[in-house]
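All remarks here apply to the structure that follows.
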Amino acid sequence: MSRFRVGLGVSGGIAAYKAVEVMRLLQKSGCEVRVAMTRHATEFVAPLTFRALSDAEVVVDDYDPENSDPIAHVNFSQKIDLLLIVPATANIIAKFANGVADDFLTSTYLAATAPVLIAPAMNTTMWEQPATQRNVARLKADGVRFVEPIAGELACKTVGTGKLEDVENIVRQALEILSRSKGSNDGENDGRTGDLKGERFLITVGGTREAIDPVRFISNHSSGKMGFAMAEAAAARGAEVTVVAGVTAVDPPEGIKVVRAVSASEMHKAVSSELTNATVFVGAAAVADYAPANAADAKIKKDGRDTLTLELKKTPDILGEVSANRHDGLIVVGFAAETNNVIEFARNKLEKKKLDIVVANDVSKPGAGFNADTNIISILTADSADDFAIMPKRQAADRVCDAIKKLREERGR
Ligand code: CTP
């Protein structure tokens, strides 16, 4: 059996012939590809080409009396791990963005729960039209990913942006999405790929570093593993993710926007500027609670002293501030790393900072510490507390995503 199933949607542009190459490359990479075409696309490439190469029926019109499956769009959409549109015309983008479902491909988009990747190709003016850009922005906000068109000579002999990205790059991005979401499908999020589509996560990750002087700093043991696992889990389930990362011992997952912020005050600033767009805020960073009140401009010399006193001042409480000034619909999640009275301290945090969810862990337990790949978490909300056994951080992140999803269902947007 193939590792991944891709629904390849072909709409009516001159670049439709390149969809054949995309299909071949996907097949070589171990994907099973089923093709859906718009009527206009069939003017550029015959359905028979795809049918012969994919050895499967190519669906064009849901309502064709010859069609063996009368609800093909529903069945087709439920059997794919990714819906990839190559090429996407301005028209199909406009229809997707507005929920129009007047043919097989548009109905499939509406019925799909799999991630969606769109590779547009069109004339530069059409691409740059405010209407098209508005539709693209709306789809991105809905969690759809794009392989942006590139600049070059177009079929209409003009030069500008609108050319389909190289097929290799399209396939590479498709495979990245597939391996991320399928990874979580394989037991990590129990198959709920796409259930966070439409959410925009802002996550703080890692430890901060507070300068004492130009060569010394105060920091902590945070590795960033749990925060990056949260980012990966949310993205695999269809959310758009931005991470504000302090100091981390591991690389961020691919395909995620990362803003670096080393100190608590830089992190505070970065969060403030990214926050307006977010629907979920997760404070997974180990932010220093105190920083040197006056970092020295030059290296501090011993000067014969036996003791040295540093004055520390409180850093901004990023999580507390986000929670206190939250915009409508924002879900706020905090972490509580404790060494004793874990649940009691975590519940205090939930109430004091008015959080929606607190993820608590006892960092003194083996398998739940800063650098471990596993965690032992409890997830607290105002009216629940769930304890989980030791599990990989990536899986623990999915349990937190489940709690976020549940809250969203209860509250709406
Ligand atoms: N946090 C933050 N900004 C800070 C400090 C902490 O955003 N300046 C966030 C962390 O990302 C984490 C949560 O707040 O989600 C931890 O809460 P906090 O009360 O700061 O934890 P402790 O430092 O453990 O608190 P306490 O002093 O009660 O032990």
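Being a predicted model, the structure only gives us computed values, none of them experimental. Counting convention: from 1, in listed order, for ligands and their atoms alike.
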Protein heavy-atom partner closest to [atom] - residue, atom, separation in Å:
atom: atom 12 (C) of ligand 1; result: F335 O, 3.2 Å
atom: atom 3 (N) of ligand 1; result: I318 N, 3.1 Å
atom: atom 18 (P) of ligand 1; result: K353 NZ, 3.5 Å
atom: atom 7 (O) of ligand 1; result: L319 N, 2.8 Å
atom: atom 26 (P) of ligand 1; result: K349 NZ, 4.3 Å

Polar-atom distance check: [X] versus ligand 1, any N or O pair below 3.5 Å?
X: A285; value: yes
X: A337; value: no
X: P316; value: yes
X: G334; value: no

Next item on the list: Counting heavy atoms only, name the option from T204, I203, V287, V333 that's nearest to atom 4 (C) of ligand 1.
Entry: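 Of the listed residues, V287 has the closest heavy atom.
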Margin query: Nearest non-hydrogen contact with atom 15 (O) of ligand 1 belongs to which option: S222, G283, A336?
Written below: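 It is G283 that holds the nearest heavy atom.
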Item checked: Per-atom contacts of ligand 1 with T315, taking only distances under 4.0 Å to non-hydrogen atoms ->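 Atoms satisfying the 4.0 Å criterion: 8 (N).
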Next item on the list: Provide the number and element of each atom of ligand 1 under 4.0 Å from a heavy atom of D289.
Entry: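 The list of qualifying atoms is 5 (C), 20 (O), 23 (O).
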Next item on the list: Using distance alone, with no hydrogens and no angle criterion, decide if D362 and S364 have a side-chain donor and acceptor under 3.5 Å apart.
Entry: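 Per modelled atom types, D362 and S364 side chains form a pair under 3.5 Å.
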Checklist line | Main-chain N/O of P87 paired with S11 side-chain donor or acceptor, under 3.5 Å | finding: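 Yes; judged by distance alone, with no hydrogens or angles, the pair exists.
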Check: Does the Q27 side chain pair with the main chain of L53, one donor and one acceptor, at a distance under 3.5 Å?
Finding: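 It does hold such a pair.
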Notebook entry, point to check: Relative to Y290, does K313 satisfy both conditions: NZ or CZ under 6.0 angstrom from the six-membered ring centre, and within 45 degrees of the ring's axis?
Noted result: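 No, K313 and Y290 do not form such a contact.
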Margin query: Take a 6.0 Å sphere around NZ of K406 and say whether it holds more than 12 heavy atoms from other residues, nucleotides or ligands.
Written below: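 At most 12 heavy atoms, drawn from other residues, nucleotides or ligands, come within 6.0 Å of this atom.
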Check: Under 6.0 Å from the NE2 atom of H221, do we count more than 12 heavy atoms belonging to anything else shown?
Finding: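 Atom NE2 in H221 is not packed in, count stays at 12 or less.
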Next item on the list: Could you grab the distance from atom CG of L82 to atom CG of L175, nearest 0.5 Å is fine?
Entry: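 Going from CG on L82 over to CG on L175, the span is 9.0 Å.
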Item checked: Electrostatic pair R237-D402, nearest N-O below 4.0 angstrom ->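 Yes, this pair counts.
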Next item on the list: Would you please determine whether M267 falls within less than 4.0 Å of ligand 1 on a heavy-atom basis?
Entry: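 Contact absent.
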Notebook entry, point to check: Under 6.0 Å between the ring centres of F201 and F281?
Noted result: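 Not under 6.0 Å, so no.
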